Amino acid sequence: MGTLALPRLAPARQRTRDEIYANRYLIAFAVTLASVLELVDTSIVNVAIPHMMGSLGATLEEVAWVSTGYIVANVIILPLTSWLSNRFGRRNYYTGSIALFTLASFFCGNAHTLGSLVGARILQGIGGGALISTAQAILFDVFPREERGIGQAIFGMGVMVGPTLGPTLGGWITDNFAWPWIFYINIPLGIMAGILTWQLVPEPDHGVEQADHVDWLGLGLLIVGIGCLQVLLERGESKDWFASREIIAETVAAAVALVWFVWHELTTAHPVVDLRILKNRQLAAGVTYGLALGFALYASVFALPVFLQTVLGFSAWDTGKVILPGALASAVTMAFVGRNAAKLDARVMIVIGTLLFFASMWMHSRFTIFTGLGDTFWPMILRGVGLGCIFVPLTNASVADLRPYQLAQGTGLFNLSRQLGGSFGIAIAATLLHRFGEQSMEALRAHQSLYDPATQSYLGALTRKFLMVGGDPMHATMQAHAVLNYSVFRQAQTLAATKLFLTMGIVFVCSLPLLLRFRTGRLIPGAGSGH
């Protein structure tokens, strides 16, 4: 198939365990900062899209590739991070990824055409793909076995806060500066994270022998399969799914490429992604549950701002104030769970977290068009505590049976499953919001007859109100009907959103039987995973 000539990269100085452990919190800060930047940039562009359309002269469908290109590149790189890290050295690869992400951020902010912006976002996604899964593998190595829960808790705080921080931060920057600054803000932070990573992150003690053979076929199949899958999930709702030839073609291409990829990786001697690791039932169960976690988390993160801003009229800043208490609750919970990891059973914590998440979604399902800022506080607190109970135990238990040299591969697959679950969640949430909204609109309109006494009374009161402030009777009547239609629309969208919240909670609870596949609930890896 071919060989890959690798450059001679400067090896990292071998440090003692005591030296590595002494810097563990600085390393955790550096890799978590890089991961937060990557996650924030997944959603930060969404609120700036109207500004981009105006300055770049692009349509909504065209400018959507600014987001889609980033996410597709990101998802393709995720399962490759272990292979790339082993080939180039973990310190070199991680620092290089931060450098590429930071440089691409500059090109994004400096882009003057849609094509250059999309190209820079793809480069940014390629750099960002390594920053999450490799970060987890680094943290498993640099924290002592008894403190690994703390390391994952620090990382988890960033992972939970990042997706919720993006839209609020993007809105504030766009309103007060200009859309290029949502990318420029990455530059100083990325440089700081890169310098700390280069100076402090060690190479793992456990080397992985790499053959000169490169699995080009597996690499190509992965790019086609994951790429087409992510594109169809991103564009499916806007294209009306299988009514579109584009979506059908992408579905067929994704299915053929992914089936071929799985068969090839299980039969080739030197796979680019070692799927055989999923024979470990602990990891297989964790990866599957991670899919459900991503589905519920990203679907709710997507649906809540849509409801708050479209129906309730909240600003981006008000939406951020709704989300912030839950993010803080999640951070506090993860800090507690991480510090007490050795004393807690992962399965028990995941059950508690899932039930708290369901309780939060049930409270979300009680929202109305009169819901205010205060009404969202406790539902968001419950959601944050629930997710905080899940993240660290699920991550640690998933890789509990893996050997040290398998950690990068395991965390890569775990993060890929969570990301794909999120993509499915957002795509399905967007579709369900649209379908539930149409159903609710039809149901409400069935009771909105002009011959209905209540409707006549309401329209009459509105017409008289508009006549009092001036205007002719015909214009006042038209205004009254417009207000009535908007009121029905808001009510229909409220019913759709609350139905979706409850659906997300039920789906997540239905994934609990997967915990029966866990061999152990210990949060700290056993002897096989230690140094």
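What you are looking at is a predicted structure, and each value in this text was computed from that prediction instead of being measured. All values below come from the heavy atoms of this structure, side chains included, with hydrogens, waters and symmetry mates left out.
Atom-to-atom distance recorded for Ile226:CD1 and Asn74:CG is 12.0 Å, nearest 0.5 angstrom.
For Arg490 (side chain) and Val311 (main-chain N/O), a donor-acceptor pair under 3.5 Å exists by modelled atom type. Side-chain atoms of Gln493 do not come within 3.5 Å of backbone N or O of Thr310 as any donor-acceptor pair. Between the side chain of Ser360 and the backbone N or O of Met380 there is no donor-acceptor pair closer than 3.5 Å.
Taking the six-membered ring where tryptophan is involved, the planes of Trp181 and Phe177 are tilted, since the angle between them lies from 30° to 60°. Ring-plane geometry between Phe391 and Phe155 is classed as tilted, the angle between the planes lying from 30 to 60 degrees on a 0 to 90 degree scale. Using the six-membered ring where Trp is involved, Trp179 and Phe183 have ring planes that are perpendicular, over 60° apart on the 30 and 60° scheme.
Across all their heavy atoms, Gly353 and Ile390 have their closest contact at C-CD1, 3.6 Å. The two residues Thr102 and Gly190 come nearest to each other via the heavy atoms OG1-CA, 3.4 Å. Across all their heavy atoms, Ala30 and Leu196 have their closest contact at CB-CB, 3.7 Å. Between Gly386 and Leu356, the shortest heavy-atom distance links the atoms CA-CB, 3.8 Å. Residue Phe314 comes nearest to Gly372 through the heavy atom pair CZ-C, 4.3 Å, listed as atom of the first residue, atom of the second, then distance. Between Ser417 and Val287, the shortest heavy-atom contact is OG-O, 3.0 Å.
Counting heavy atoms from C-beta outward, Gln491 and Met441 have side chains that stay 4.5 Å or more apart. Here the side chains of Val509 and Ile506 are not in contact, with every heavy-atom distance at 4.5 Å or above.
Proximity of the aromatic rings of Phe357 and Phe508 is defined here by a centroid distance below 6.0 angstrom, and this criterion is met. For Phe501 and Phe358, the gap between ring centers reaches or exceeds 6.0 Å.
Remark: Leu495 CG is packed, more than 12 non-hydrogen atoms of other residues, nucleotides or ligands lying under 6.0 Å away. Atom CZ of Phe336 has 12 or fewer neighbouring heavy atoms from other residues, nucleotides or ligands inside a 6.0 Å radius.
Side chain to side chain, Ser105 and Gln124 meet the donor-acceptor criterion of an N or O pair below 3.5 Å.
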